[in-house]
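Here's the structure we're looking at; comments come further down.
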Amino acid sequence: MIRFVLLISRQGKVRLTKWYSPYTQKERLKAIRELSALILPRGPKLCNFVEWKGLKVVYKRYASLYFCICVDSEDNELDGLEVIHHYVQVLDRYFGNVCELDLIFNFHKAYFILDEILIAGELQESSKKSVSRVISAQDTLVENAKEQASSLSNMIAQATK
Amino acid sequence: MALSGMRGLSVFISDVRNCQNKELERARVDKELANIRTKFKNDKGLTPYEKKKYVWKMLYIFMLGYDVDFGHMEAVSLISAPKYAEKQVGYIVTSSLLNENHDFLRLVINTVRNDIIGRNETFQCLALTMVGNIGGKEFSESLAPDVQKLLISNSCRPLVRKKAALCLLRLYRKNPDVVSVDGWADRMSQLLDEREIGVLTAVMSLLVALVANNPDAYWNCVSKCVRVLERLTRSQDIPQEYTYYGIPSPWLQVKTMRVLQYFPAIDDPNIRRSLFEVLQRVLMGTDAVKNINKNNATHAVLFEALALVMHLDAEKDMMAQCVGLLGKFIAVREPNIRYLGLENMTRMLMVSDVQESIKRHQVQIITSLRDPDISIRRRSLDLLYGMCDVTNAKDIVEELLQYLTTADFAIREELALKAAILAEKFAPDLSWYVDVILQLIEKAGDFVSDDIWYRVVQFVTNNDDLQPYAAAKARDFLDKPAVHETMVKVAGYLLGEYSHLLSRRPGCSPKEVFSIIHDKFATVSTPTKAILLSAYIKILLHSQTVDPELQNHVLAVFRKNETYLDAEVQQRASEYYALSRKGPSMVDVMAEMPKFPERQFLQSALLKKAEDTEVDVADTSATKLRLMQLTSTAVVVADQKPANGVHPALTRVPSGQRNIEAPTVPVANGGQSPAPVDFLAIEAAPTHSAPESSPLVGPGDSLALALMDNQASTVQPTGSVTEWFDALCRKDSGILYEDPFIQIGLKAEWRGNQGRIVLFLGNKHTAPLLSVKAVILPPRHMQLLTSNVPDTIPPRAQVQCPVEVTNLSPSREIPVLDFSYNNSSAMVSFKLRLPVIMSKFLQGATLAPADYIARWKALMGPPNKLLQEVVRGVKPLPLQEMSDLLGSLHVAIAPGYDPNVNNIVGAATYFSENPTLCLIRIETDPADRTQIRLTVGTPDTSVALELKEYIKERLVDIPSGAAPTSLPGMPSPADDLVGPAASLAGLI
């Protein structure tokens, strides 16, 4: 299973974290620090796996951003690597040519999308189409609620005039 | 986009981004936290929009790594909001902010449950996602049944069901009881018929976890899994959206193959054939393609297929094909594939018969030791460690030594340890071993733990031929500039003990040796100083003619250190000073150290350390694997060729050297009794820990042994005889008895009323065991044919003693082995129960319901041949466990035959002279689990009587290792036993 997902920038800034095993804040920080030190200096022609505390971290760099997932030692590494790519593809489809800034300012969107791809550290949906459908349905729900709210407050405002 | 409205959040994020340094960032964050705190305090004024905004900010701050110790309530309360927009935020922030142990989660259990069982699909999804991501005991207890319902519901959409499957997986991980085995095996099998790939993928993840815990319960899923694989590999009925770069869901393929790896073996020839067809197809499609993602996906499937092929123990051709593929992979340019090739080759080492073909790639593997990527270097190191044996040890260890000088610091300790272990395990001769360790200390002294050099000292001490060589080597190393402190220690020790053997060589006179050691004295640490002081006095007293100059030097050193700050050094200095003044009469006091008793060798400590420090995963999981194999086929290993060819010379004490320690010292120190050569633990310590982990010999256990005379009472079994016996009641091979001198293994086969037992008598000791006697006292109802046991078992040899058993009439009595041997210091004798119990002659019988009822009615008579008894004081067990227990006695359970769900019925054939069909029913009382009504019916009432009593004993006293051997309320077995078993039963 995937223990956690980390998105770290080339400068070591955290862009997203999601933990599927209980880690305390202290352990989380330590993991992020250690993994940044382990992964960021690695050159481009090395493999996408590093071993860490009896676990394995599968990572991939997309432009300035490192996507890392920590998996159990016996898990299939390439399987994990393509989970990362799958996530990136869905993000790309949603944001349209996604960049780091999109994820910084819309980190909550990145969370929503991640939740449609992984649950409990396991792959939930491998169809990009299906994930995109669910996410846009969510957006519509939220938009509708907003419109309702504004029209309601309009009505109240007018009524109380 | 949805965020456009939340300006405050965007502003805050860009503020944080613009902070020049960490201090400014912290200041900005603290300011924001203060702001949020104030806002939350006057809660009344917050609109839902503001609340959302602030909890998002909190999550952002928390994500950056700051502590957020307030506001959890606000986040949690959003979950109860009626509107989707707020609920969604509440759920996602809660699941990220809190972990499973957080008290606040209790507050929302009800809301979450209402969302899960409610009609609103979007709310269901939110709730399932959060529970799946947080888990937690309380969720597990209160929500599991509802989640299960969603998973198997026909009316739910796939979207909900796949979330439910993964949510259940999370709850199951926390608490396996949420899935009851009997009901779920069938459900899982039905779920595997699912056509929708999304749901199927989630279900497969769930199945992996279920099967990993309990493969036996899910056998019915095997054929379905193979069918799923066939569907995927043939691309049948796979919607376009579920292909990944043209490959039908690689993730589902990988997971399905993973499930199959948890089943011990797949015997059904049809399933096996279809599976191999699938695997063959996967192995063929290995062409590298340009697109890296497609390539990765193909190889993800391929490597999983390789793992499955290894697991299935495929035909030789296929294995060879796999090794060939891996050989190709470790030489490719793509680093991921190279890494995985090495990793999987290491796993492959566990499969027999491929070591030789792996060795062909040794050169390539050694090249990988210099790969620019540390991940790959680690894999290579592990593989070399695993593939090392007597034939290539020299090459590999020398490579490792060479690599040590350039290796990264992160890897050096592991490297040093591995080199030391290999050198020890496979040394062609001991002088080479000494060379290797000294070089190791020279090159990486900081990374050589004390255990390693202690080990050298032990070998040298125990091998007379080695002593002058080691001393001379140590002397040479001291000459080099910049000697590492560990080298000073080991050289000091060795020269202290053995430099007198060199005294005729140039530069090795006592005086010269002393001065070269003493050069280092000023700069070493206190513990080393203590070692050196001991060396000085030994050098002084071992020299044949006392050199007054040397004596003055040494005495001066002692005098000087009498006032040393450290008490140990001070004490040694004063004592040695006093002793040395007494002159040659003290030579005996300072004689060479005696030989180390073999079984105190530190080997296991060293290997244990290797296990602990092992970050490497393949190897630990491999160790696990080996452990598993070992426990299952314990005795069978004995006649197998040792995989790595342990070098026996290492543990040989030169002839004429008696083992100093009296062999009667009890090995009651539990764990630490590593006999260097153990018949089971050919792989040495890692596997050894299995039998050793048994606790100290308890008083109850020793009672299971009828000790004949007090003289022998110092030899204690190294584990629990009762536990071994109980284990052998459940399976057919394992240890029957073991003490420091002998190990008795047992392997049995049963067919009808016949059985063949082979006793493996292994001498663990360095001296022969004499006057070996094994007499089996058969009960009346059995015929036993025993072959002769040789009178003497040579050192480290094993003899087999086959016994043919024929069961003539029903009885619960069991044969007893009366065993004795002489370990050259004392006579040891004991009696052991042999696990020839009734259930070994039982075989489950499956009857059609109508047939079953007809037979039952026939037995009801007249004459009534059903024996019935109400048994009280039964160990309270859930129904399932009770039925499992009955199953373990080889009774075929017929679920559903009895209309009352609290009853268990089953049938079995009992084989004595004639086979007899037995029908068994247990009626349980849900109100009182300690009471049952047991009915046994057979045409032959004597069988029924014995069988009823036998089952009763099992139910009252469940044979489990830790359980006390007798429970209150249990009928004393001695009452109705006669014959040899009775005398034994009296002792239990």
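A/Asp75 touches chain B through backbone and side chain together, each having a heavy atom under 4.5 Å away. In this structure, the portions of A/Glu82 lying under 4.5 Å from any heavy atom of chain B include both its backbone and its side chain. Using a 4.5 Å cut-off between heavy atoms, A/Lys60 touches chain B through its side chain atoms alone. Both the backbone and the side chain of A/Ile104 come within less than 4.5 Å of a heavy atom of chain B. Interface remark: A/Val83 contributes backbone and side-chain atoms alike to the contact with chain B (heavy atom separation under 4.5 Å). Heavy atoms of A/Leu6 lying under 4.5 Å from chain B are absent altogether. Both the backbone and the side chain of A/Gln138 have a heavy atom closer than 4.5 Å to some heavy atom of chain B.
Between B/Glu25 and B/Lys22, at least one side-chain N (NZ, or NE/NH1/NH2) sits under 4.0 Å from a carboxylate O, which counts as a salt bridge. Salt bridge B/Arg338/B/Glu334: absent, no basic N to carboxylate O contact under 4.0 Å.
When ring centroids are compared, B/Tyr60 and A/His108 stay outside the 6.0 Å threshold. Note: A/Tyr23 and A/Phe4 meet the aromatic proximity criterion, with ring centroids under 6.0 Å apart.
Of the listed residues B/Tyr242, B/Trp251, B/Tyr245, the one with more heavy-atom pairs under 4.5 angstrom with chain A than any other is B/Trp251. Note: B/Ser96 leads B/Pro48, B/Gly135, B/Ser96 in heavy-atom pairs under 4.5 Å with chain A. Of the residues considered (B/Leu169, B/Asn99, B/Leu166, B/Thr201), B/Leu166 shows the highest number of contacts with chain A, using heavy-atom pairs under 4.5 Å. Ranking B/Val208, B/Val199, B/Leu59, B/Val131 against chain A, the residue ahead of the rest is B/Leu59, based on heavy-atom pairs under 4.5 Å. Interface remark: of the candidates B/Glu241, B/Arg170, B/Glu100, B/Glu241 forms the most heavy-atom pairs closer than 4.5 Å to chain A. Contact tally against chain A (heavy-atom pairs below 4.5 Å) for B/Asn293, B/Val93, B/Leu340, B/Val254: the top residue is B/Asn293.
Interface with chain B: from residues 31-45 of chain A, residues A/Arg42, A/Lys45 qualify, criterion being any non-hydrogen pair under 4.5 Å. Listed in order of number, the residues of residues 116-132 of chain A that approach chain B to under 4.5 Å between heavy atoms are A/Glu116, A/Leu118, A/Ile119, A/Ala120, A/Glu122, A/Leu123, A/Gln124, A/Glu125, A/Ser126, A/Ser127, A/Lys128, A/Lys129, A/Ser130.
Here the CE atom belonging to B/Met257 is positioned 12.5 Å from the NZ atom belonging to B/Lys255, to the nearest 0.5 angstrom.
Residues B/Met63 and A/Tyr111 form a side-chain contact, since some pair of their non-hydrogen atoms from C-beta on lies under 4.5 Å apart.
Looking only at atom types and distance, the side chain of A/Tyr94 has no donor-acceptor partner in the side chain of A/Asn106 under 3.5 Å away.
Taking the six-membered ring where tryptophan is involved, the planes of B/Tyr339 and A/Phe49 are tilted, since the angle between them lies from 30° to 60°. Between A/Phe112 and B/Trp56, the angle of the ring planes goes over 60°, which puts this pair in the perpendicular group of the 30/60° scheme.
B/Gln240 CD: 12 or fewer foreign heavy atoms inside a 6.0 Å radius.
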